[in-house]
Structures are given as structure tokens and as C-alpha cells.
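Working notes, structure below.
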Amino acid sequence: MTTRAVETTRELAAFLRTRRERLDPHDLGLPSRRQARRTPGLRREEVAELAGVSVDYVVRLEQGRGLRPSAEVVEALARALRLAPAERVYLFDLAQQRPRSAGKPATTAAPPLTRLVADLSPLPAMLMNHRYDSLAWNREMTRLLLDFETLPPSRRNSMRLCLTHPEIREFYVDRERAVREGIAHLRAAWAAHPEDRALTGLIAELMARDEDFARLWAERDIKVNGRGDKVLRHPDVGVIALRFEVLVPLEDPDQRLLIFRAADDESRSALDRLYAR
């Protein structure tokens, strides 16, 4: 087995264990058992019964013995463990049962998308690949965050900037939530792109450099938010409440278009002042 295959097998085992342990048997309508539970969550035999597989099969999966479950088994496990949609996709990726995208991950923006990002002004917009590498941005995004042109391409990663850039680190009012959501995206991308060495290297670097990243990565949260809100503490205009939308181009599914909008009148005024500076 390759090193990558070993890592994926171990992660599949750990993910199944953590998701089993978080479930409450009473919520699933399982009968009470006389024997007291020594660990939280469902027993392996209960998962096996719900998924329609043998107990030995669940044991071997959780022990990382190199099994590769079929798509039907993965679907049954996802139902048994009550996985959320993003978690289900993650499980399919770990089991290598989702079709892989052809070609290498994008490192440059397609020209039509670059023009689209510019045309979205005055809304702050940015194009990223699945690693959170910034590929294109407009003037408003530069004013809101920073001038990405001042950074070498290898350092234009939004997750790295959030964790290590001295100014960006202080931007988010709820920094832990921002980091947690970013890690959930990276973990899903890591499972979907198992051969992306740059992504694996980025994760290893951030785990070594940032204690918060290492702690939150170990929690294995898988929740990809394509829509939501963020509150920034901008050094020039103060607090800005933003709503964001993430769109995936059909022609370039490896890329993500991030668009911000002001969440209220005060934030809209703050953005106007920022752009006028």
C-alpha cells in the first residue's frame, strides 16, 4: 500500500469511530441493553445492524485493515451513522468511491473567470481553488483584506493568511469559527484530492505551526458552508458585518468564487468609506 493509501485508511477508521461515538442510541430508537455502556455512542454491533453488514466488517474498518467498502456499503454506513451531506461526501471520498476530477488542480484563473471577478465590483469578490489559494480578486477585495499582489503566489493561501498573517489574524471577530470553517473545507478537499501533494504539505505545515489548527483538525468536522456570514474588525473603518456566497463554475469545478455583501446599512456605509480611501 502507498503512504497515501495508508493515511486514507487510517482516516476512514478514525472518522467512522468518531461518528459512531457521537450518536445517542436513544435518539435512534434502539432498545435498552442490560449491560452498561463503557464508551459513549453506539456499539459496533448496533452500527452493523443498522447498516446491514457484519460486526466483523465494522471492526476491521475501524481498525484500518485496508478494506475498501463498496459504494453500497458506504451509503449504508452513512445512513446508519446519520451523516450530514458534507460528511457523507467525505466518507465516499475516503472510501475512494466518488469519481475523481480529471486533470491537475488549478493554479491560475481561467480568463473568463478573471473578468467576471472584476465585473462583480463593487462587491468584493475572489476566485480560489480547492486549497484556498487565491487566483483572482478585484479592487474591493484588495481594500477589504489585503493586496495579494504584494505576496508571492505560493503565499496567497487564505487559510495560511488567516493563521499566520499578523494583520489578517486579527480581522475576524470570531476567529475560532473562521478557522474551524476553513479547516472543514480543507479536510473535505483533502479527501477529494488525495494525490494533491501541495495540499497535503499545506496541512502538515499548518499543523506544525499553529496549535489551534492542529486541535481543530483533530476534531474531524466536515461542514462545507457555501453561504453564511462573517464579521470583520477592519483597522480603517471598524466592524463590518458581511454575508458571503460561494459559487462553483460548471466549466471549472475545482475553483470557487467567493462574493461578499454588506449585511446591514452600517456595514454598507463602512465599505463605501473604505473604497473611497
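Owing to the predicted nature of the structure, the values given are computational and were not obtained by experimental measurement.
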> Between Asn138 and Pro124, is there a donor-acceptor pair closer than 3.5 Å when you use the side chain of the first and the backbone of the second?
Replying inline: no
> Ignoring hydrogens and geometry, is there a side-chain-to-backbone donor-acceptor pair from Arg160 to Ser154 under 3.5 Å?
Replying inline: yes
> Do the charged groups of Glu245 and Arg227 touch, with an N to O distance under 4.0 Å?
Replying inline: yes
> Less than 4.5 Å apart, any side-chain heavy atom of Phe244 and any of Asp229?
Replying inline: no
> Are the side chain of Ser267 and the backbone N or O of Ala241 linked by a donor-acceptor pair below 3.5 Å?
Replying inline: yes
> Do the side chain of Asp252 and the main chain of Asp254 share a donor and acceptor less than 3.5 angstrom apart?
Replying inline: no
> Backbone N or O of Tyr275 within a donor-acceptor pair of the Arg139 side chain at under 3.5 Å?
Replying inline: yes
> With a 4.5 Å heavy-atom cut-off, do Glu140 and Leu120 have their side chains touching?
Replying inline: no
> Any side-chain heavy atom of Asn129 sitting closer than 4.5 Å to one from Arg256?
Replying inline: no
> Between Arg187 and Glu11, is there a side-chain N and carboxylate O pair less than 4.0 Å apart?
Replying inline: yes
> Taking C-beta and beyond as the side chain, do Arg277 and Leu274 meet within less than 4.5 Å on heavy atoms?
Replying inline: yes
> Can you list the steps and then say if Arg177 with Glu181 is a salt bridge (charged side-chain N to carboxylate O under 4.0 Å, His left out)?
Replying inline: CA-CA 6 Å; Arg177 176 187 169 191; Glu181 291 177 349; 3.1 Å; yes
>> Any heavy-atom pair between the side chains of Phe92 and Glu75 that's under 4.5 Å?
In response: yes
> Under a 4.0 Å N-O cut-off, is there an ion pair linking Glu170 with Arg233?
Replying inline: no
> With a 4.0 Å cut-off, would you call Arg215 and Glu176 a salt bridge?
Replying inline: yes
>> Does Leu271 form a side-chain contact (heavy atoms from CB on, under 4.5 Å) with Leu242? I'd like the steps, not just the answer.
In response: CA-CA 10 Å; Leu271 288 177; Leu242 299 168; 4.1 Å; yes
> Looking at side-chain heavy atoms only, is the closest gap between Leu232 and Val239 below 4.5 Å?
Replying inline: no
> Distance under 6.0 Å and angle within 45° of the ring axis: does Lys230 meet both against Phe260?
Replying inline: no
> What's the verdict on salt bridge (charged side-chain N to carboxylate O under 4.0 Å, His left out) for Asp221 and Arg180, showing C-alpha distance, side-chain angles and the deciding distance?
Replying inline: CA-CA 8 Å; Asp221 282 343; Arg180 184 182 296 276; 2.9 Å; yes
> Considering only heavy atoms from C-beta outward, does the side chain of Leu127 approach that of Leu116 to under 4.5 Å?
Replying inline: no
> With a 4.5 Å heavy-atom cut-off, do Val47 and Leu77 have their side chains touching?
Replying inline: yes
>> Running the 4.5 Å side-chain criterion over Ile, Leu, Val, Met, Phe, Trp and Tyr, what cluster does Val59 land in, apart from itself?
In response: Val55
>> Does the plane of the ring in Phe171 sit parallel, tilted or perpendicular to the ring in His234? Use 30° and 60° as the thresholds.
In response: tilted
>> Please determine whether a side-chain nitrogen of the Lys or Arg among Arg209 and Glu205 lies less than 4.0 Å from a carboxylate oxygen of the Asp or Glu.
In response: yes
>> Once you measure the plane-to-plane angle for Trp217 and Trp190, does it fall in the parallel (<30°), tilted (30-60°) or perpendicular (>60°) bin?
In response: perpendicular
> Is there a donor-acceptor contact under 3.5 Å linking the side chains of Asp196 and His130?
Replying inline: yes
